[in-house]
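Following: one structure in structure tokens, then a few remarks.
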There are 2 protein chains.
Amino acid sequence: MLKISELAGRIGLSTHTIRFYEKHGLIEASERSESGYRLYSAADVNRAAFVKTARNIGFSLEDIAQLLSIRLDRSSHSCQEVTDITRNKLHEVSRKMAELKAMQKVLSRLLDNCDGGLEKATHCSILEVLDNGGLAATGGVN
Amino acid sequence: MLKISELAGRIGLSTHTIRFYEKHGLIEASERSESGYRLYSAADVNRAAFVKTARNIGFSLEDIAQLLSIRLDRSSHSCQEVTDITRNKLHEVSRKMAELKAMQKVLSRLLDNCDGGLEKATHCSILEVLDNGGLAATGGVN
DNA sequence: GTTGACCTTAGAGTTACCTCTAAGCTTATA
DNA sequence: TATAAGCTTAGAGGTAACTCTAAGGTCAAC
Ligand SMILES: [Zn+2]
Ligand SMILES: [Zn+2]
Ligand SMILES: [Zn+2]
Ligand SMILES: [Zn+2]
């Protein structure tokens, strides 16, 4: 049985975060010492590691809560439930990627059109674009 | 002079958001009516549109505050200051893109390895990966 | 002259995920 | 036996960008 700071060191989370995850139902200490200290079993450690891994991959705490409830009773759940969560996450990631790609494109164009020199910004093309509502049909560099 | 809801309709922000932006120094109403209503001049509208455009591109409110202070007195600032803000944003976006790409890759691999069927999740490969600390050197599909 | 849309303010609530503090036990070390 | 490190709890604070509410004043129309 590990104490909280031992668990923290083992899986790479702070004790604060572990208590926070506990409050949100993700991690449990299956026992307490006489003085009330949290004590983690091997199964608890595995569960915590599962949470950490899922978090590293990018699942939200809510996703992880769902995955955990499946993990807890695998035979009452199907692979489909797991892939649904995973696919939703993938879609979310793809959506964000598309947003970022658009931003990247606009920012690059803005930088292409401004020399970035030390002269006064009186006629700065970036400020002009921002004043004119964005990169209109008249593509800058292209 | 426009009232707040007219400005809102004009530039595509809610009145709530406009007041929120005002509280954060991004938008101003240069006048008030006798009864205290905000009244926006053409210059105010342009400023608000600038904010909206910058926000659409993805600049943070803090970035926009800086851009606005440059815009307000262009001759006291250089193009470099503008490109610094823009370049920093571009780097931030690129960093986030890299993160998302990594997530995308892992999620795709997870999905490749699980059939997603309706059978019990007893041996679900996704749960196994999560239990085993992630996609180790043993690349799944590849 | 009253309905109803619109305006005002301060301030609370939301989402996601922590991060920290205070006040007070417990345990290990010197 | 002290001293420090570590543990407990409830609850506050922080970030970003909103979003909404309450309680009330204003304005145009019918
Ligand atoms: Zn399966
Ligand atoms: Zn410039
Ligand atoms: Zn320049
Ligand atoms: Zn599966």
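Only a predicted model underlies this, so the values are computations on that prediction, with no experimental measurement involved. To find a chain, count down the sequence lines: A is the first, B the second, and so on, and within it residues start at 1.
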Give the rounded distance in Å between these two atoms: [atom1] of [X] and [atom2] of [N].
X       : N      : atom1 : atom2 : result
A:Leu2  : D:dC7  : CG    : P     : 11 Å
A:Ile4  : D:dA5  : CD1   : P     : 19 Å
A:Leu7  : D:dG6  : CG    : C1'   : 15 Å
A:Asn56 : C:dC17 : CG    : P     : 13 Å
B:Lys96 : D:dA16 : NZ    : C1'   : 10 Å
B:Arg32 : D:dT26 : CZ    : C1'   : 14 Å
B:His16 : D:dT19 : NE2   : P     : 10 Å
A:Phe20 : D:dA12 : CZ    : P     : 16 Å

Would you indicate, yes or no, if [N] has its OP1 or OP2 atom less than 4.0 angstrom from a side-chain nitrogen or oxygen of [X]?
X       : N      : value
B:Tyr37 : D:dC27 : no
B:Ser14 : D:dC18 : no
B:Ser5  : C:dC7  : yes
A:Arg55 : C:dC17 : yes
A:Tyr21 : C:dC18 : yes

*Does atom CD of A:Glu62 have more than 12 heavy-atom neighbours, drawn from other residues, nucleotides or ligands, at distances under 6.0 Å?*
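At most 12 heavy atoms, drawn from other residues, nucleotides or ligands, come within 6.0 Å of this atom.
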Looking at the side chain of [X], which of [options] is the nearest nucleotide?
X       : options               : answer
A:Leu61 : C:dC17, C:dT8, D:dT8  : C:dC17
A:Arg38 : C:dT8, D:dT8, D:dT26  : D:dT8
B:Arg19 : D:dT8, C:dC7, C:dC18  : C:dC7
A:Thr15 : D:dC7, D:dC18, C:dT27 : D:dC7

_If you assign each of B:Gly58 and B:Glu34 to its closest nucleotide in DNA chain D, which residue comes earlier from the 5' end?_
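Whichever sits nearer the 5' end wins; that is B:Gly58.
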*Contact nearer the 5' end of DNA chain D, comparing B:Glu62 with B:Lys3*: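 Nearest nucleotide further toward 5': that of B:Glu62.
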*asked:* Considering every strand and a 4.0 Å limit on heavy-atom distances, what is the contact class for A:Ser60: base, sugar-phosphate, or nothing?
replied: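 Result for A:Ser60 = sugar-phosphate.
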*asked:* Is the terminal nitrogen or CZ of B:Arg32 (NZ for Lys, CZ for Arg) located under 6.0 angstrom from the six-membered ring centre of B:Tyr37 and within 45° of that ring's axis?
replied: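 Relative to the ring axis of B:Tyr37, which defines the angle, B:Arg32 lies outside at least one limit.
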